[in-house]
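In listed order, ligands and their atoms are each counted from 1. Since this is a predicted model, take the numbers as computed values, not measurements.
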Amino acid sequence: MNRYVTGTVIKELREKNKMTQLQLAEKLGVSDKTISKWETGKGYPDITLLEPIASAFRISITELISGNTIRNENVSANMLKSKFYVCPICGNVIHSTGEAVIQCHGIALLPEEAEPTDEKHMIFIERVEDEYYVRIDHEMTKEHYISFVAALSSDEVKIVKLYPEGKSEVYFKFRGIKKILFFCNKDGLFESEIVKGIDDKESGYYYSKERKELEETAKIMFS
Ligand SMILES: [Fe+2]
């Protein structure tokens, strides 16, 4: 028996599409009893029916199999709401302006949830004229490293790939950067917002001596 799709998903999609069991049955060339069997878990659709089922609900086969249809709320495609998908096998990085069903190496990827920076993943951001210098305080060994850094404004995204044994620093040169994200191969995605204030030196250094010293200096210089 092929359990590519569950009866619950079929029922949910059918009801969402305001279809009766008979209407769906007719579209698929099966009987309404068959639909009822699927929905109550007494039977499962044959794999050859996956495509017709998906097209009856006007969704992709991947959406049907993953059981969740994509509802994109970020229709205006604000880049600050960008999603990043990272393949755990090959490290492939996929950027999306909204939700999507994305697969790499046969794995359905979920968008990475960004965490605030912590004492093991500290970021140092400095604005030098119209350029942002970003440094992540983190080891860059083959086992544990920062694999990319991204800068986001409301209409632009720039992703810079980093490599083990390389430097964990990046320069960004574009206007209106509001957020910096970076990805640790072991600990996931981190984010830091650029807050105007301490002359754009911001975030991440909450726990460090250096951060405190910077703040002190900034106070003296700008107060
Ligand atoms: Fe890490």
Angle at the Fe ion (ligand 1): provide the value between NE2 of His144 and NE2 of His138, rounding to 10 degrees. 90°

So, using side-chain hydrogen bond (donor to acceptor under 3.5 Å, both in side chains) as the criterion, who are the partners of Glu112 when residues are at least two apart? none

Can you confirm whether Arg175 sits close enough to Ser153 that some side-chain heavy atom of one is under 4.5 Å from a side-chain heavy atom of the other? no

Looking at His121, which of its N, O or S atoms is the nearest one to the Fe ion (ligand 1)? NE2

If you count heavy atoms of other groups shown closer than 6.0 angstrom to NZ of Lys33, is the number above 12? no

Whether Asp187 has an N, O or S atom under 2.8 Å from the Fe ion (ligand 1): yes

Any idea how Phe190 and Phe182 line up, ring-wise: parallel (<30°), tilted (30 to 60°), or perpendicular (>60°)? parallel

